[in-house]
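Per chain, numbering begins at 1; letters A, B, ... match sequence-line order. Computed over heavy atoms, backbone and side chain alike; hydrogens, waters and symmetry mates excluded. Note that this is a predicted model, so its numbers are computed, not measured.
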Number of protein chains: 2
Amino acid sequence: MDTPQPEHLKSAGLKSTLPRLKVLDLFQRGQERHMSAEDVYKQLLADGESVGLATVYRVLTQFAQAGLLVRHNFEGGKSVFELNEGTHHDHIVCLQCGHVEEFYDSAIETRQKKVVSDLGFAIQDHSLHIYADCTKTKCPNRR
Amino acid sequence: MDTPQPEHLKSAGLKSTLPRLKVLDLFQRGQERHMSAEDVYKQLLADGESVGLATVYRVLTQFAQAGLLVRHNFEGGKSVFELNEGTHHDHIVCLQCGHVEEFYDSAIETRQKKVVSDLGFAIQDHSLHIYADCTKTKCPNRR
DNA sequence: ATGCAAATGAGAACGATTATCATTTGCATC
DNA sequence: GATGCAAATGATAATCGTTCTCATTTGCAT
């Protein structure tokens, strides 16, 4: 493993266990930024690490609750997670290859807040998912 | 049944069958604007109409493909459908009661298009889901 | 080293959705 | 209106992502 950071676990009130360190490390290595539970599970197996699928699900949920990861529900029915680096951003998902690109636009953000509060809601969270076709060069593999 | 409109089915290349008319009519009556497959199934049963759950799923999918309905994937894992009236809008989903409110803001829309095209993507579709707590009065039942 | 609450892992269970397939239906043709 | 057949239906099994259960293992404070 690269450089696991148990402090992150501790500060999140989570015991520093082997499976948790492995999962955290996988995200920190950053080979894939957006991963589903199964992606994580398979990658760990491929890396020769042994973990239970149930544990992967548990750990991902805990990490998301603790704020270490962010959970996204894109179309397709499965949750996708990414490292929470504190900077909110929205996502563009390529309909051809599934590639996920991130973007942030403060004009959209402020406008959102205003519109929603004008309607009398207390905004908790939001997700803006753009589904698009990316350019050929960015889209090598079709799904 | 109120006023089913078989023309809509025909123009969508769908045979005008009883289950399809029942489902379409349910949406057109507009008692509930946003319904999941199970919502539709239960409401039809409650109305004394007999349909198979599998058929409801099939019909909803076909209607969404045909453009009669729009499918939404909110958090919570189940698809929700609404009548497609041609006017795009975004959604606020109450985290307490599941109530769905619609809104449209042209500033957000235009800004979205610009940001995405600047990144070299051809936007196909998008979904903006705001998760919020609605005011007590609007939120009678907790889920 | 010891003890125990917390975490794990294997597998069962679950909820939403889709697939299978024998039966029924819409509808064009006689 | 009767007939035929492809398309649609409905009951059920199957699938998929995810959560639950519970016996076993582990982290960590003593």
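Among the heavy atoms of the strands lying under 4.0 Å from T17(A) are primed sugar atoms or P, OP1, OP2 only; no base atom is included. Among the protein residues, S79(A) comes within range of the sugar-phosphate backbone only, with heavy atoms under 4.0 Å from sugar or phosphate atoms but none that close to a base.
Two residues are said to be in side-chain contact when any heavy atoms from C-beta on lie closer than 4.5 Å; L24(B) and F63(B) meet this criterion.
Residue order along DNA chain D, read from the 5' end via each residue's closest nucleotide, puts R20(B) first among A54(B) and R20(B).
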Exercise for review: Dump the intermediate steps for side chain to side chain donor-acceptor pair (under 3.5 Å) on H126(B) and Q112(B), then the final yes or no.
Suggested key: CA-CA 9 Å; H126(B) 76 274; Q112(B) 267 177 30; 3.1 Å; yes
Point to revise | Pair H89(B)-E109(B), side chain to side chain donor-acceptor pair (under 3.5 Å): steps then yes or no | key: CA-CA 9 Å; H89(B) 50 254; E109(B) 298 294 325; over 6 Å; no
Practice item. Given side chain to side chain donor-acceptor pair (under 3.5 Å), test R20(A) with T55(A) step by step and report yes or no. Key: CA-CA 9 Å; R20(A) 284 177 184 156; T55(A) 302; over 6 Å; no
Exercise for review: Could you go through the side chain to side chain contact (heavy atoms under 4.5 Å, CB included) check for E102(B) and D90(B) one step at a time?
Suggested key: CA-CA 6 Å; E102(B) 302 175 346; D90(B) 294 311; over 6 Å; no
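L60(A) and A37(A) make their closest contact through CD1-CA, 3.5 Å (heavy atoms, listed as atom of the first residue, atom of the second, distance).
Checking dT23(C) for Watson-Crick or G-U wobble geometry (two distances, each under 3.5 Å) identifies dA8(D) as its partner.
Put simply, CG on N73(A) is 14 Å from C1' on dA16(C), counting in whole angstrom units. In this entry the distance linking CG of L53(B) with C1' of dA16(C) reads 9 Å, nearest Å. As rounded to whole Å, 10 Å separates atom P of dA16(C) from atom CG of D39(B).
Of all nucleotides in DNA chain D, those with any atom nearer than 4.0 Å to a heavy atom of chain B start and finish, going 5' to 3', at dA7(D) to dT12(D).
The salt bridge (Lys or Arg N to Asp or Glu O under 4.0 Å) search around D47(A) returns R29(A), not counting sequence neighbours.
For H72(B) and H91(B), the ring centers are positioned less than 6.0 Å apart.
For DNA chain D, the residues of residues 57-65 of chain A within the heavy-atom distance limit of 4.0 Å (strictly under) are Y57(A), R58(A), sorted by number.
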